[in-house]
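Let me begin by presenting the structure, written as structure tokens, before commenting on it.
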Amino acid sequence: FVFVVPIEKEVDRKAAAKAVGEKTVDMIHVKDITKITGYVNAVERESKPVATPKGMVNELVESGVFHRALDAADDIPMTVDHIPTEIVARTADNTLQLKEDNIGLWAEAVVTEERVVCAAKEGKLKGWSFGMTNVLDAVEERTEKLPLRRIKRMALDHVTLVIDKIPAYSATSVELRAGTEEYLET
């Protein structure tokens, strides 16, 4: 959670923590907060070649898939480079907002983690990615091209900012502002 308090005011940190169901809250300077926005994925566009449980394919997320996944999710964390322990925002505490519009999956995050803030200010964010589970798909074989895997339904496990890796989908944008087996696919 992020609270913005005018400099001439004081905040009761115990009351603020209680209001959001936390044990404690900390104060940070507004200069240490970074807002990052952009498209995690553009729907109906092919990815670069990716390795999946079905082999090498190009993927395409169909329109409406993210919308349904967001409706079904209680909380979606935002990580760095798909590292599950590096959670820098999440939908449950409103530091991450996600929505599917006519272009794709839009994200807006308020981030205070120093590594991400520095990377953003230095222009080192390469884009976004996402992880999905419980995927319903259809694979189309194509002549002289990799098969096309159409994602028809999924559970959105997480979204991630890409700093040290390469996004699988080239149609991402990032902007800085002040069976029974379950596969995790990225």
Side-chain angles (χ1 to χ4, degrees), residues 1-2 20-22 33-43 45-54 57-101 103-120 124-137 149-177 179-186:
F1 295 94
V2 176
V20 295
E22 295 291 332
I33 299 173
T34 301
K35 187 180 216 179
I36 299 171
T37 62
Y39 281 96
V40 176
N41 179 272
V43 294
R45 290 207 181 147
E46 288 187 34
S47 68
K48 297 173 186 173
V50 292
T52 72
K54 298 188 178 199
V57 298
N58 291 95
E59 282 182 339
L60 179 147
V61 179
E62 294 184 347
S63 292
V65 169
F66 287 116
H67 180 76
R68 290 187 299 276
L70 292 170
D71 282 351
D74 291 328
D75 180 35
I76 299 171
M78 182 174 103
T79 64
V80 177
D81 289 326
H82 295 289
I83 301 168
T85 55
E86 278 198 55
I87 297 173
V88 296
R90 57 186 337 125
T91 57
D93 67 9
N94 293 316
T95 54
L96 174 63
Q97 302 292 318
L98 296 169
K99 69 177 182 181
E100 182 180 340
D101 62 18
I103 296 171
L105 181 60
W106 171 259
E108 181 176 297
V110 176
V111 180
T112 58
E113 201 277 331
E114 185 177 358
R115 174 179 177 217
V116 177
V117 171
C118 289
K124 294 183 177 177
L125 299 179
K126 296 179 183 175
W128 297 87
S129 188
F130 63 94
M132 57 186 165
T133 59
N134 301 324
V135 178
L136 176 66
D137 61 9
R149 180 184 188 207
R150 292 183 164 277
I151 306 300
K152 297 182 170 297
R153 189 176 64 226
M154 69 160 125
L156 187 58
D157 181 74
H158 68 279
V159 297
T160 196
L161 276 173
V162 180
I163 298 174
D164 295 323
K165 299 187 183 232
I166 298 171
Y169 288 83
S170 55
T172 71
S173 67
V174 63
E175 295 178 14
L176 167 67
R177 297 186 190 255
T180 60
E181 286 188 58
E182 184 170 289
Y183 293 96
L184 175 63
E185 300 181 29
T186 59

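In this text the structure is predicted, and so the values were computed from the model without any measurement.
- Side chains of Val43 and Val65 form no contact here, defined as non-hydrogen atoms less than 4.5 Å apart.
- Counting only heavy atoms from C-beta outward, the side chains of Thr91 and Leu70 never approach each other to under 4.5 Å.
- The residue from Val162, Leu161, Asn41 that alone fulfils the side-chain contact (heavy atoms from CB on, under 4.5 Å) condition with Trp128 is Leu161.
- Taking each heavy atom of Ala109 and Leu96 in turn, the nearest pair found is CB-CD1, 4.0 Å.
- Partners of Lys165 by side-chain hydrogen bond (donor to acceptor under 3.5 Å, both in side chains), not counting sequence neighbours: none found.
- In this structure, CD on Glu86 lies 6.0 Å from CD on Glu113, to the nearest 0.5 angstrom.
- Checking Ile87, Leu98, Val159 one by one against Met78, the side-chain contact (heavy atoms from CB on, under 4.5 Å) holds for a single residue, Val159.
- Minimum heavy-atom separation, Ser47 to Asn58: O-ND2, 2.7 Å.
- Within the 4.5 Å cutoff, side-chain heavy atoms of Met154 are placed close to those of Val61.
- Within the 4.5 Å cutoff, the side chain of Ile151 has heavy atoms near those of the Glu59 side chain.
- In terms of heavy atoms, Thr37 sits closest to Glu108 at CG2-CG, 3.6 Å.
- Closest approach of Lys152 to Glu62, counting heavy atoms only: NZ-OE2, 2.9 Å.
- Closest of all the heavy-atom pairs between His158 and Ile76 is CA-CG2, 3.8 Å.
- Looking only at distances, no side-chain donor or acceptor of Thr79 sits under 3.5 Å from a matching main-chain atom of Thr160.
- The local environment of CZ in Arg153 is sparse, with at most 12 non-hydrogen atoms from other residues, nucleotides or ligands closer than 6.0 Å.
- No side-chain heavy atom of Thr95 sits under 4.5 Å from any side-chain heavy atom of Thr112.
- Panel note: side chain Asp137, backbone Arg150; no donor-acceptor pair is recorded below 3.5 Å.
- Between the side chain of Asp157 and the backbone N or O of Thr133, no donor-acceptor pair lies under 3.5 Å.
- Counting only heavy atoms from C-beta outward, the side chains of Leu125 and Ile163 approach each other to under 4.5 Å.
- Taking 4.5 Å as the limit, some side-chain heavy atom of Ser63 sits within range of a side-chain heavy atom of Glu100.
- Contact annotation: the side chain of Lys99 never approaches that of Phe66 to less than 4.5 Å [non-hydrogen atoms, C-beta and beyond].
- Separating the CG atom in Leu156 from the CG atom in Asn134 is a distance of 11.5 Å, to the nearest 0.5 Å.
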